[in-house]
2 protein chains.
Amino acid sequence: MTELEKGPTGRRRGRGARERILSASQQLFREQGINRTGMDQLCAAAQVSKRTAYEHFTGKDELVAEYLRRFDPSVLSGVFDRTDLTPRERLLAAFDIPPTTPLCPYIGAAVELHDPQHPASQYARDYKKAVAARLADTAREAGAADPEQLGEQLALLIDGAAARTRVLNADAFPTAAAIATVLIDAAIPATTGDDRRGEEVSS
Amino acid sequence: MTELEKGPTGRRRGRGARERILSASQQLFREQGINRTGMDQLCAAAQVSKRTAYEHFTGKDELVAEYLRRFDPSVLSGVFDRTDLTPRERLLAAFDIPPTTPLCPYIGAAVELHDPQHPASQYARDYKKAVAARLADTAREAGAADPEQLGEQLALLIDGAAARTRVLNADAFPTAAAIATVLIDAAIPATTGDDRRGEEVSS
DNA sequence: CGTTAAGCACACAGATCGGTGTACATAATA
DNA sequence: TATTATGTACACCGATCTGTGTGCTTAACG
């Protein structure tokens, strides 16, 4: 009965409360981590009373899961839909991440929450599988011999770059991209049309 | 003035206190994570009074750093010293991790502590660099064209496998080993003696 | 107007956190 | 035996955590 988006006309005073909470989560959870960000601080940053926050979310766990769901990172959304690139270029573009990204939040959540059954951990798993699947699709499009394997390999490279960037405090994505080039070149026969752009593969 | 290891003969009643604390750390920090393991629980598991723990360590931070330092994982110690393997086999052996390992604790510490200046984070960085250097040495021994690059690449694969194993809750090291095989084959000229075992390279 | 949804301010509960203070016990040494 | 190092038992501190309870305000609608 929250009736948040319905109604004939617009009413509801500050209907952006939920959005402000999630927006503050994006910033604080990423900057400070999940465990080190208290609900008090988060509500203050969102300019929302704590009472209101707990009327929108049953608890911090649910909020964390929603925060992860709201996060659509560059990888999934931007890269795969670019029909101006060849499939091979799209596979490599997944490693061109903006330097603003401090760490893959899915890995962060899985490590911080430390419970594979946590809703956020489950979503992180689903998301990572989805990325691997998308990579496999693109690999198939690019004519790779074993698309599933290449997708899984590239996904591992992305995660490795993210983890290593975090630990070493230095950008590891160029290294990952170099490996990706080797793998892609090895997996895709040279005869296969590399410069086809955005065309569908028949089967 | 602790005089823990000195003295003409052995005295000191329960001189295993420090060891018990660190031993309990190994178990609990890995099972539950660092942040979710309180000092109360840790001291109880170590059968050590909290007072004693804080006479051995100035605080939890120092304990965490020591815990990381004590952790010598299979990778560094076991693999590189095996003269029964060719250099190439040693590089691949780094991906044969026992399934008992839940997650690389260095990545875990870096994510959980979330402060690159934390002593444990610094050590994690040093350790990861050392592993990459050892891999590079072995790659040089194996006759790789660009040993430093190959070492960094293999290190990234290991971290990727660790991170992905954690997030997906499924062993990702076979995938990493497959990539490693490709990289090693590509980087090491086939003419180079692959079956030399444990010999030194002149330069 | 009155009703109702939405939110705020703020105190507070209960737990846990890292860390200390104090008084006492034990064992090896001198 | 006396001393000293080492450790225990346990209460306790202040801070912080997630989460509630309560009463008040504001705004949209009828």
Side-chain angles (χ1 to χ4, degrees), chain A residues 1-25 28-29 32-67 112-115 118-120, chain B residues 1-25 28-29 32-67 112-115 118-120:
Chain A
M1 323 304 188
T2 42
E3 305 288 330
L4 202 68
E5 301 299 320
K6 294 195 279 184
T9 69
R11 50 167 162 130
R12 258 160 314 282
R13 194 159 48 114
R15 34 135 277 290
R18 191 187 185 96
E19 272 65 28
R20 284 205 306 277
I21 296 171
L22 287 169
S23 171
S25 303
L28 292 179
F29 285 161
Q32 314 179 344
I34 295 170
N35 290 332
R36 303 185 111 74
T37 302
M39 290 298 283
D40 284 313
Q41 185 194 0
L42 199 149
C43 292
Q47 297 192 49
V48 156
S49 82
K50 215 159 50 145
R51 207 69 192 81
T52 301
Y54 277 97
E55 269 152 17
H56 280 288
F57 303 95
T58 66
K60 194 184 183 184
D61 287 345
E62 185 183 302
L63 172 58
V64 171
E66 258 307 294
Y67 142 76
E112 282 205 81
L113 303 175
H114 214 273
D115 173 18
H118 191 290
Chain B
M1 320 305 188
T2 42
E3 305 286 331
L4 201 68
E5 301 298 323
K6 293 197 281 189
T9 69
R11 55 168 155 128
R12 261 160 313 282
R13 194 163 46 116
R15 35 135 275 291
R18 190 186 187 95
E19 273 63 30
R20 284 207 306 277
I21 296 171
L22 288 169
S23 172
S25 303
L28 292 178
F29 285 161
Q32 314 179 343
I34 296 171
N35 290 332
R36 303 184 110 75
T37 302
M39 291 298 285
D40 285 311
Q41 185 194 0
L42 200 148
C43 292
Q47 297 194 56
V48 157
S49 79
K50 216 156 57 143
R51 206 72 190 84
T52 301
Y54 279 97
E55 269 152 17
H56 281 289
F57 302 95
T58 66
K60 193 184 183 183
D61 287 345
E62 185 183 304
L63 173 58
V64 170
E66 259 305 297
Y67 142 75
E112 281 206 82
L113 302 175
H114 214 271
D115 173 18
H118 191 290

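The basis for the numbers below is simple: all heavy atoms, side chains too, and nothing from hydrogens, waters or symmetry mates. Everything quoted here is computed from the prediction, not taken from an experiment. Chain letters run A, B, ... following the sequence lines, proteins first and then strands; every chain starts at 1.
At least one side-chain nitrogen or oxygen of A/His56 sits closer than 4.0 Å to the OP1 or OP2 atom of C/dG7. Of the side-chain N and O atoms in A/Ser49, one or more sit less than 4.0 angstrom from OP1 or OP2 of C/dC8.
Every residue meeting the salt bridge (Lys or Arg N to Asp or Glu O under 4.0 Å) condition with A/Lys50, not counting sequence neighbours, appears here in chain and number order: A/Asp40.
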Point to revise | side chain to side chain contact (heavy atoms under 4.5 Å, CB included) assessment of B/His56 paired with B/Val48 | key: CA-CA 11 Å; B/His56 281 289; B/Val48 157; over 6 Å; no
Exercise for review: Give the C-alpha distance, both sets of side-chain angles, the deciding distance and a yes or no for side chain to side chain contact (heavy atoms under 4.5 Å, CB included) between B/Lys60 and B/Leu42.
Suggested key: CA-CA 11 Å; B/Lys60 193 184 183 183; B/Leu42 200 148; 6.0 Å; no
Practice item. Could you walk me through whether A/His114 and B/Asn35 pass the side chain to side chain contact (heavy atoms under 4.5 Å, CB included) test, one step at a time? Key: CA-CA 10 Å; A/His114 214 273; B/Asn35 290 332; over 6 Å; no
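Considering all non-hydrogen atoms of both residues, B/Cys43 and B/Ala53 come closest at SG-CB, 3.6 Å. Between A/Ile34 and A/Glu112, the closest heavy-atom pair is N-OE2, 2.7 Å. Across all their heavy atoms, B/His118 and B/Leu113 have their closest contact at ND1-CD1, 3.6 Å.
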Practice item. Do nucleotides 16-24 of chain D as a string where each nucleotide becomes B, S or -: B if the base has a protein heavy atom under 4.0 Å, S if just the sugar-phosphate does, - if no protein is that close. Key: --BBBBB--
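Distance CD (B/Glu55) to P (D/dA9): 14 Å, rounded to an integer number of Å.
Between its opening and closing five pairs, the helix from C/dC1-D/dG30 to C/dA30-D/dT1 changes axis direction by 10°, a value rounded to 10 degrees.
In this structure, B/Leu28 and B/Tyr67 have side chains that are not in contact, with every pair of non-hydrogen atoms separated by 4.5 Å or more.
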